[in-house]
Amino acid sequence: MFPVLKGAMLCGTMIRGAVLLAWVLCVGAAPQDLMDVCMDGKHQKVEPGKEDALHGQCTPWKDKSCCTANTSQEAHNDQSYLYNFNWDHCGIMAPACKTHFIQDTCFYECSPNLGPWIQKVDSSWRKERILDVPLCREDCDGWYNDCKLEYTCMENWHKGWNWTSGTNQCPNGTKCRRVFEVFPSAADFCEKIWSNSYKYSDERRGSGRCMQLWFNATNGNPNVAVAKHYAGIPSSARNPRIGLLLLAPLSLAPLSLAWAV
């Protein structure tokens, strides 16, 4: 009986070990799937890659980008073919304010670090969107402060426009008001202007808990660590799955014995 029992134990350990291996790998794969991905939008690439010729405010993403050089160029143009959106719908927008919107466009089109916040959407012009991306308070405050004296007629810039001319115009019955009158706070501005694409965060740049719309690429991309945090990927380089696999034979031995008996 002992040889039979020993063989049954070994067989049980191997089978259950294989089951555990498959389970651990499947569970551990999901967070990784949220890293280095491109949104299924209107202009993003299928996969991120190197783009040496990215233009202007989009250059921080040149080492790993979801946008092409042509998209980055168009992101800087008024009423570009990207979305035919007119920043100057209530008068000429000041350059300091427009810079933030260009950075916002580059972030949206080029970043491969938005995986944890990508959501499916039923839309005529895109299949996915971002929702509640935690925006660092400095980024949101700076954006708002440079734009609060500009004019707009809409609270949500994603919808409600008059597009009969081919570009966005203020709908009948609306009037142009100062941005601070439409959006009384930085949080209100950043969260409402693009249908809650962003969430105002009290965290600061460098905390590893909030996303930066723009960064100095010579110091690396700080948004990678943020995406890892929200994807649930441990900051340690050691893979926790390895430890589980190494312990599997020991932890499964009693189970296989009971099974065999």
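All values below come from the heavy atoms of this structure, side chains included, with hydrogens, waters and symmetry mates left out. Quick caveat: nothing in here was measured; it's all calculated off a predicted structure.
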Given D104 and Y198, is the side chain to side chain donor-acceptor pair (under 3.5 Å) satisfied, shown in steps? CA-CA 11 Å; D104 161 57; Y198 299 122; 2.5 Å; yes
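- Heavy-atom neighbours of K42 NZ from other residues, nucleotides or ligands within 6.0 Å: above the threshold of 12.
- With hydrogens and angles ignored, the 3.5 Å screen pairs no side-chain donor or acceptor of H76 with any backbone N or O of I102.
- Side-chain contact between N113 and V226 is absent, with no heavy atoms from C-beta onward closer than 4.5 Å.
- Taking the side chain as every heavy atom from C-beta outward, D40 and R126 never approach each other to under 4.5 Å.
- W87 and F101 have tilted rings, their planes meeting at an angle from 30° to 60° on a 0 to 90° scale.
- A distance of 10.0 Å separates OG1 in T167 from CG in D88, rounded to the nearest 0.5 Å.
- With contacts defined as side-chain heavy-atom distances shorter than 4.5 Å, the pair W117/P134 qualifies.
- Note on residues 193-234: pairs passing disulfide bond (SG atoms under 2.5 Å apart), not counting sequence neighbours, are C136-C210.
- W125 and W163 fall within the same hydrophobic cluster, defined by Ile, Leu, Val, Met, Phe, Trp and Tyr side-chain heavy atoms under 4.5 Å apart, directly or through other members.
- Using modelled atom types, no side-chain atom of S195 and backbone atom of H158 make a donor-acceptor pair closer than 3.5 Å.
- Between F215 and G220 the shortest heavy-atom distance is CD1-O, 3.7 Å.
- Counting heavy atoms from C-beta outward, W194 and I130 have side chains that stay 4.5 Å or more apart.
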Carefully, step by step, assess M39 and L114 under the rule side-chain contact (heavy atoms from CB on, under 4.5 Å). CA-CA 8 Å; M39 194 175 355; L114 297 172; 4.2 Å; yes
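- Closest approach of W214 and P60 over heavy atoms only: NE1-CG, 3.4 Å.
- Interatomic distance, T59 OG1 to Q57 CD, rounded to the nearest 0.5 Å: 7.0 Å.
- No donor-acceptor distance shorter than 3.5 angstrom exists from the side chain of S65 to the backbone of K62, with no hydrogens or angles considered.
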Check step by step if side-chain contact (heavy atoms from CB on, under 4.5 Å) holds for N223 and Q212. CA-CA 7 Å; N223 292 333; Q212 298 179 200; 3.9 Å; yes
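- Ring geometry, F107 versus W61: the interplanar angle exceeds 60°, so the pair is classed perpendicular (tilted spans 30 to 60°).
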Stepwise salt bridge (Lys or Arg N to Asp or Glu O under 4.0 Å) check, K98 with D78: CA-CA 10 Å; K98 189 172 294 184; D78 293 338; 3.1 Å; yes
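- With contacts defined as side-chain heavy-atom distances shorter than 4.5 Å, the pair M211/D139 does not qualify.
- Closest approach of E74 and L82 over heavy atoms only: CB-CG, 3.7 Å.
- Between the side chain of R178 and the backbone N or O of L149, at least one donor-acceptor pair lies under 3.5 Å.
- Residues W161 and I193 share a hydrophobic cluster, clusters being chains of Ile/Leu/Val/Met/Phe/Trp/Tyr side chains in contact below 4.5 Å.
- Distance check, rounded to the nearest 0.5 Å: OG of S185 to NZ of K148 gives 11.5 Å.
- Hydrophobic clustering, with ILVMFWY side chains joined whenever heavy atoms are under 4.5 angstrom apart, keeps Y151 apart from F183.
- With contacts defined as side-chain heavy-atom distances shorter than 4.5 Å, the pair M35/V224 qualifies.
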Which is it for S197 and V133 under the side-chain contact (heavy atoms from CB on, under 4.5 Å) test, yes or no, and what are the steps along the way? CA-CA 6 Å; S197 293; V133 176; 6.0 Å; no
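- Taking the ring centroids of H89 and W157, they lie under the 6.0 Å cut-off.
- Rounding to the nearest 0.5 Å places SG of C110 at 9.0 Å from NZ of K45.
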Would you please test C147 and C97 for disulfide (SG to SG under 2.5 Å) and show each step? CA-CA 5 Å; C147 293; C97 176; 2.0 Å; yes
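- Remark: the backbone N or O of N86 is paired with a side-chain donor or acceptor of N168 at under 3.5 angstrom.
- In this model, C90 has its SG atom no nearer than 2.5 Å to the SG atom of C170.
- For the residue pair V182 and D188, the shortest heavy atom distance occurs at O-OD2, 4.0 Å.
- Judged by distance alone, the side chain of S72 and the main-chain N or O of H55 form a donor-acceptor pair under 3.5 Å.
- Not a single donor-acceptor pair under 3.5 Å links the side chain of S111 to the backbone N or O of Y108.
- Q44 places a side-chain heavy atom less than 4.5 Å from the side chain of E109.
- Counted within 6.0 Å of NZ on K175, heavy atoms from surrounding residues, nucleotides or ligands total 12 or fewer; the atom is thus considered open.
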Please lay out, stage by stage, how H43 and Y83 fare under the test side-chain contact (heavy atoms from CB on, under 4.5 Å). CA-CA 10 Å; H43 301 289; Y83 303 101; 3.6 Å; yes
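- For the residue pair N70/T68, the side-chain donor-acceptor check at 3.5 Å is not satisfied.
- Atom SG of C140 and atom NZ of K199 lie 11.5 Å apart (nearest 0.5 Å).
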Pair F189-W143, ring-ring contact (aromatic ring centres under 6.0 Å, His included): steps then yes or no: CA-CA 9 Å; F189 173 78; W143 191 358; 5.4 Å; yes
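- Smallest separation of non-hydrogen atoms from L54 and C58: CD1-O, 3.3 Å.
- Ion pairing between a basic and an acidic side chain is recognised when a charged N comes within 4.0 Å of a carboxylate O; E155 and K192 show such pairing.
- Atom CD of E181 sits in a crowded spot, with more than 12 heavy atoms from other residues, nucleotides or ligands closer than 6.0 Å.
- Remark: the backbone N or O of Q169 is not paired with any side-chain donor or acceptor of N162 at under 3.5 angstrom.
- Side-chain atoms of N145 come within 3.5 Å of backbone atoms of D141 as a donor-acceptor pair (strictly under, hydrogens ignored).
- Counting heavy atoms from C-beta outward, M154 and P171 have side chains that approach closer than 4.5 Å.
- Contacts of R209 classified as side-chain contact (heavy atoms from CB on, under 4.5 Å), with partners at least two apart in sequence or in another chain: E203, S207, H229, Y230.
- Remark: M93 CE to E150 CD distance equals 6.0 Å, nearest 0.5 Å.
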